[in-house]
Amino acid sequence: MAEMSDSNLAKTTVIQQAIASCCGAIITSLFVTPLDVIKTRLQAQSNPFYKGKCFVYSNGLMDHICVCDNGDSKAWYKKPGHFKGMLDAFVKITQREGVKSLWSGLPPTLIMALPTTVIYFTCYDQLSEALKSRLGKDDEHIPILAGSLSRFGSVTIVSPLELIRTRMQFRKFSYRQLYLCISSKVASDGWLSLWRGWSSTVLRDVPFSAMYWYNYEHFKKILCKELGTHEPTFFIAFASGAASGSIASVITLPFDVVKTHRQTELWECETLKSAVPQRDSTSTWAVMRKIVAKNGITGLFAETERKLQWCFSVCL
């Protein structure tokens with residue numbers, strides 16, 4: 001009877017899992033966002049952002065496509081700096097603009113990122129428990145299945161919302177104007193147009209999640225066995241997350257580069273009123289061939305720095 005009560009106490013509820021995911025997401029974004037803000041400011045300094053230019057903003061939870069405003073805009077990414085590097089940018093931004101500037105642009109992105117993170121981690125926990133009851137506690141396929149399905153679901157749910165957020169951010173639509181814009185888009189291109197860019201996101205995120213969770217659980221077991229402990233400590237969890245995140249990031253990096261390329265190209269075509277590329281020329285493999293032809297095979301690994309930030313956020 002005592003054993004049953006202990007197991008019930010140890011088992012977390014869906015609400016507790018959602019709250020824990022939400023708190024973890026906020027802490028992660030507070031740690032990682034300053035790194036991306038500084039990186040964006042350095043990019044804008046060397047290659048100024050013109051109206052309609054798109055760039056990727058990462059808060060450590062998910063990537064967001066941001067569309068630049070007019071040239072005379074006072075947006076945070078256009079403030080002058082004359083930075084010499086990451087550390088110099090950190091010091092100057094803090095001194096001249098205040099500490100809050102290190103989290104510029106964060107609040108709007110959290111509207112999307114927090115629900116995505118909560119859905120993803122809560123679904124993973126629930127699926128893991130359900131699969132353990134069917135396949136057995138020690139089945140090695142559980143992390144792969146739970147990780148893939150939970151990421152597939154969260155990406156599918158949030159993809160249209162992220163499209164809407166980007167459109168609102170650029171056009172400054174009212175809700176009525178946004179509704180009319182989306183209605184006309186659906187009428188002309190169908191409902192699937194709301195999931196534009198979904199395939200490249202799935203190609204990156206689903207394999208990443210499958211590899212990450214499999215290796216994470218595997219490394220945890222190995223370290224627990226080596227250190228002679230039954231429950232993973234903070235060090236074990238952090239080390240397992242770092243190792244598994246690094247492996248998954250390197251393998252899926254080419255798909256990450258393709259996703260960024262496709263989404264920024266499509267948005268820049270729309271904002272600059274230029275012709276949208278043919279569907280065949282924007283397929284994953286076509287974009288990969290284009291990148292390799294232009295920059296060589298190293299072009300597919302051009303976003304290593306951003307991936308390292310993501311690895312750090314995964315560890316947290």
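Note that the numbering runs from 1 along the sequence shown for the chain. For the numbers below, each heavy atom of this structure counts, side chains included, while hydrogens, waters and symmetry mates do not.
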Donor-acceptor check, side chain of [X] to backbone of [Y], threshold 3.5 angstrom: yes or no?
X      : Y      : answer
Lys39  : Met86  : no
Ser159 : Thr156 : no
Ser133 : Ala130 : yes
Gln95  : Lys92  : no
Glu217 : Pro143 : no
Trp103 : Leu30  : yes
Thr122 : Ile119 : no

With a 4.5 Å cut-off on side-chain heavy-atom distances among I, L, V, M, F, W and Y, is there a chain of contacts connecting [X] to [Y]?
X      : Y      : value
Leu87  : Leu35  : no
Leu114 : Ile15  : no
Phe152 : Leu127 : no
Trp191 : Val155 : yes

Taking all non-hydrogen atoms of both residues, which atom of [X] and which atom of [Y] are closest, and how far apart?
X      : Y      : value
His82  : Asp88  : O-OD2, 3.9 Å
Ile144 : Ser148 : O-OG, 2.8 Å
Val250 : Pro254 : O-CD, 3.9 Å
Leu102 : Val37  : O-CG2, 3.3 Å
Gly147 : Ser209 : O-CB, 3.4 Å
Thr252 : Pro207 : CG2-CB, 4.1 Å

If you round to the nearest 0.5 Å, how far is [atom2] of [Y] from [atom1] of [X]?
X      : Y      : atom1 : atom2 : result
Ile157 : Cys123 : CD1   : SG    : 6.5 Å
Tyr214 : Ser244 : OH    : OG    : 12.0 Å
Cys224 : Phe219 : SG    : CZ    : 13.5 Å
Ile236 : Leu223 : CD1   : CG    : 5.5 Å
Leu131 : Tyr124 : CG    : OH    : 9.5 Å
Ile142 : Leu145 : CD1   : CG    : 8.0 Å

| Would you call the rings of Trp213 and Tyr216 parallel, tilted or perpendicular if under 30° counts as parallel and over 60° as perpendicular? | perpendicular
| said: Is there a side chain to side chain contact (heavy atoms under 4.5 Å, CB included) between Tyr57 and Leu106? Walk through the geometry before answering. | reply: CA-CA 9 Å; Tyr57 178 95; Leu106 177 60; 3.8 Å; yes
| field | For Phe121, the option from Ser21, Ser150, Ser154, Cys22 that meets side chain to side chain contact (heavy atoms under 4.5 Å, CB included) | value | Ser21
| said: Atom CZ of residue position Phe83 - does it have more than 12 heavy atoms of other residues, nucleotides or ligands inside 6.0 Å? | reply: yes
| task | In plain terms, say whether Glu97 and Arg41 are close enough for a salt bridge, that is, a side-chain N and a carboxylate O under 4.0 Å apart. | result | yes
| task | Using the side chain to side chain contact (heavy atoms under 4.5 Å, CB included) rule, take Gln17 and Gln126 through it: C-alpha gap first, then chi angles, then the decisive distance, then the call. | result | CA-CA 9 Å; Gln17 290 167 351; Gln126 292 298 308; 2.7 Å; yes
| said: Looking at Tyr120, I'd like to know if the NZ or CZ of Arg151 sits under 6.0 Å from its six-membered ring centre while staying within 45 degrees of the ring's axis. | reply: yes
| request: Go through the steps to decide whether Ser101 and Trp76 satisfy the test side chain to side chain contact (heavy atoms under 4.5 Å, CB included), and finish with yes or no. | output: CA-CA 8 Å; Ser101 294; Trp76 62 268; over 6 Å; no
